[in-house]
Number of protein chains: 2
Amino acid sequence: MSSDVSVPQAGVRPVDVDRTSPVPLYFQVATRLQELIEKGEIGVGARIENEVDLAERLGVSRPTTRRAIQYLVERGMLVRKRGVGTQVVHPKVRRPVELSSLYDDLVAGDRAPRTEVLSLEVMPAPDTIAAALEIAPGTPVTWIERLRYAGGEPLALMHNAIPVDVLPLTADDLATHGLYELLRRNGLTPRIATQIIGARSATTSEAKILDEKRGASLLTMVRTAWDVGGRALEYGSHVYRASRYSFELNLSAG
Amino acid sequence: MSSDVSVPQAGVRPVDVDRTSPVPLYFQVATRLQELIEKGEIGVGARIENEVDLAERLGVSRPTTRRAIQYLVERGMLVRKRGVGTQVVHPKVRRPVELSSLYDDLVAGDRAPRTEVLSLEVMPAPDTIAAALEIAPGTPVTWIERLRYAGGEPLALMHNAIPVDVLPLTADDLATHGLYELLRRNGLTPRIATQIIGARSATTSEAKILDEKRGASLLTMVRTAWDVGGRALEYGSHVYRASRYSFELNLSAG
DNA sequence: TCCCCGAGTTTGTCAGGACAAAGTATTGAC
DNA sequence: GTCAATACTTTGTCCTGACAAACTCGGGGA
């Protein structure tokens, strides 16, 4: 096999682990390996040393080494095959990162984002929103309408509903902070969300607000986010100018 | 704590594991636990038995039990806290499942899908496609144009490019099998993909093919998929009728 | 009554050993 | 020379044992 030539055994220098440190040994090993991989010192496609030898040289047990490797395998940096060995995968294929967090970071990437709170009121939840949030219809929610700008242009019209017993909100808060930032600051961590992305033509009023022609294509996104306890934190129904915005996602299988 | 009342200890019947089976013990235990949780026999929020007792009653070692529990923790069904125990999380919060695989399963869900191959030819890759696939411009690729129906109506117009040295394709193959099915059958497993979802208005010819009015909103999706080795397998540029289709995604954070 | 401290519980980390299973490379027979 | 059986390498599974760290809860002291 010619591939053997291009798959050199990569070594990890021995003296590495610090047994006085409070950070677990397996994590120290994993971090060390990750560094070597990211610096390119182990090279894409290279086989790393086998578990047994690596454990011996680092002075830790095989289960500890194994756990370190497993950690990196789960993060998508390594691939193991029984009877073969453990290889470094291509950087392009890494990042099992769940998904681009939300939407803010996308606009924040290059263009100066700005958010204008058009309205904010507490009202009883209508049926559709109550259903999405899995709360009783009529439960008081804070209903927010915001207009997001990027690069001086309107980008998105966002509607959100947050149950008041989840978090009371004021317009001042939202003027300076993102909704998710406010949630997190109050100990409310969204864990999963379901999104539906679609498209439709702009209504006359939407077109006016977003500075588009009537009938222009809009991207729509409806989302509900839950925390660890399964409590719905937020419902959102947003429309984006398709001419200025798109969703980018990285998915990983297996 | 009143929560103790609502958090009963849930038991797992002892005789369960089959040591003659080729399926690993930890997996047998994990499967058993998962069944109990999904059937609701352990109830949301309930604490499961502690590792040590569970291991003893099942007749396996603690590491094995631990691994089984860990497996379910990683899948988002359980949450552990040191000094506290292991709890069943709310079903809504489960499913760190990466993402709905692709598109096929969505239409396959309820409506009878059908695919018509409009054209298939081998041609040198134009610059944009070559760039997306990270191959040299002019490298021969199979260029496919397909029309997907669901429930008797046209749903999407799909364009794909697959490098011929990745997989040679024929129209017959594609008439009866999905593109990803063909890839997988040939040992080509897409591992990650980047997608960009946007929207725009239909051109006249698109509107005609898709049975829409001119200027109707279309969902657009551009995707490149790579295998474990970082080799680009497929480039796709698809348009969907926004009136009949939307993307649903479940994302999970941290 | 309130607070702090310690005992008990439960998960987290780590070691060392043993065998099984899958893949690769070598050897041997034809 | 080709092919199949064998030996070897490497990861996968499983065990026993031990101690540490985080959390809960009850008792004792101020």
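Quick note on labels: first sequence line is chain A, next is B, and so on, each numbered from 1.
- C/dG16 atom C1' lies 13 Å from atom CD of A/Glu56, rounded to whole Å.
- When rounded to the nearest whole Å, the span between CD of B/Gln70 and P of D/dT13 equals 14 Å.
- B/Gln28 contributes a side-chain N or O that, together with a main-chain N or O of B/Asp18, makes up a donor-acceptor pair within less than 3.5 Å.
- Pairing each heavy atom of A/Met221 with each of A/Ile197, the nearest pair is CG-CG1, 4.0 Å.
- Close to C/dA15, at under 4.0 Å from its OP1 or OP2, lies a side-chain N or O of A/Thr64.
- Side-chain contact between B/Ile69 and B/Leu33 is present, with heavy atoms from C-beta onward closer than 4.5 Å.
- Contact of the A/Leu167 side chain with the A/Thr142 side chain is not registered, since no non-hydrogen atoms from C-beta on lie closer than 4.5 Å.
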Is there any protein nitrogen or oxygen under 3.5 Å from a nitrogen or oxygen in nucleotides 16-20 of chain D, and what are the pairs?
| unit_1 | atom_1 | unit_2 | atom_2 | d |
| --- | --- | --- | --- | --- |
| D/dA18 | N6 | B/Arg62 | NH1 | 3.3 |

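- When rounded to the nearest whole Å, the span between CZ of B/Phe27 and C1' of D/dC14 equals 17 Å.
- At D/dG12, one or more side-chain N or O atoms of A/Arg80 fall inside 4.0 Å of OP1 or OP2 (strictly under the cut-off).
- Across all strands shown, B/Arg67 has heavy atoms under 4.0 Å from sugar-phosphate atoms exclusively, and none from any base.
- Closest approach of B/Arg19 to B/Gly59, counting heavy atoms only: NH2-O, 2.9 Å.
- Spacing between atom CD of A/Gln87 and atom C1' of D/dT10 amounts to 13 Å, rounded to whole angstrom units.
- Between A/Arg66 and D/dT11, a side-chain N or O to OP1/OP2 separation shorter than 4.0 Å is absent.
- Where A/Val23 and A/Val84 meet DNA chain C, the nucleotide closest to each residue was compared, and A/Val23 sits on the side nearer the 5' end.
- In this structure, CG of A/Leu72 is placed 14 Å from P of D/dT11, rounded to the nearest angstrom.
- Between B/Thr86 and C/dT10 there is no side-chain N or O to OP1 or OP2 distance below 4.0 Å.
- Taking 4.0 angstrom as the limit, A/Tyr26 places a side-chain polar atom (N or O) nearer than this to OP1 or OP2 of C/dT13.
- Comparing C/dT13, D/dT24, C/dT11 by their nearest atom to the side chain of B/Glu51 picks out C/dT11.
- In this structure, B/Arg80 and B/Arg66 have side chains that are in contact, with non-hydrogen atoms separated by less than 4.5 Å.
- Looking at A/Tyr180 and A/Glu234, their side chains do bring a donor and an acceptor atom within 3.5 Å of each other.
- In this structure, A/Arg47 places its CZ atom 15 Å from P of C/dG23, rounding to the nearest Å.
- A straight line from CZ of B/Arg19 to P of C/dA20 spans 14 Å, rounded to a whole angstrom.
- More than 12 non-hydrogen atoms from other residues, nucleotides or ligands lie less than 6.0 angstrom from CD of A/Glu35.
- Rounded to an integer number of Å, the gap from CG of A/Leu78 to P of D/dT11 is 11 Å.
- A/Ile144 CD1 to A/Ile162 CD1: the interatomic distance, rounded to the nearest 0.5 Å, is 3.5 Å.
- Under the 3.5 Å distance criterion, with hydrogens and angles disregarded, no donor-acceptor pair is assigned to the side chains of B/Tyr71 and B/Arg67.
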Give me the distances for all protein-to-nucleotides 4-8 of chain D N/O pairs that come in under 3.5 Å?
none

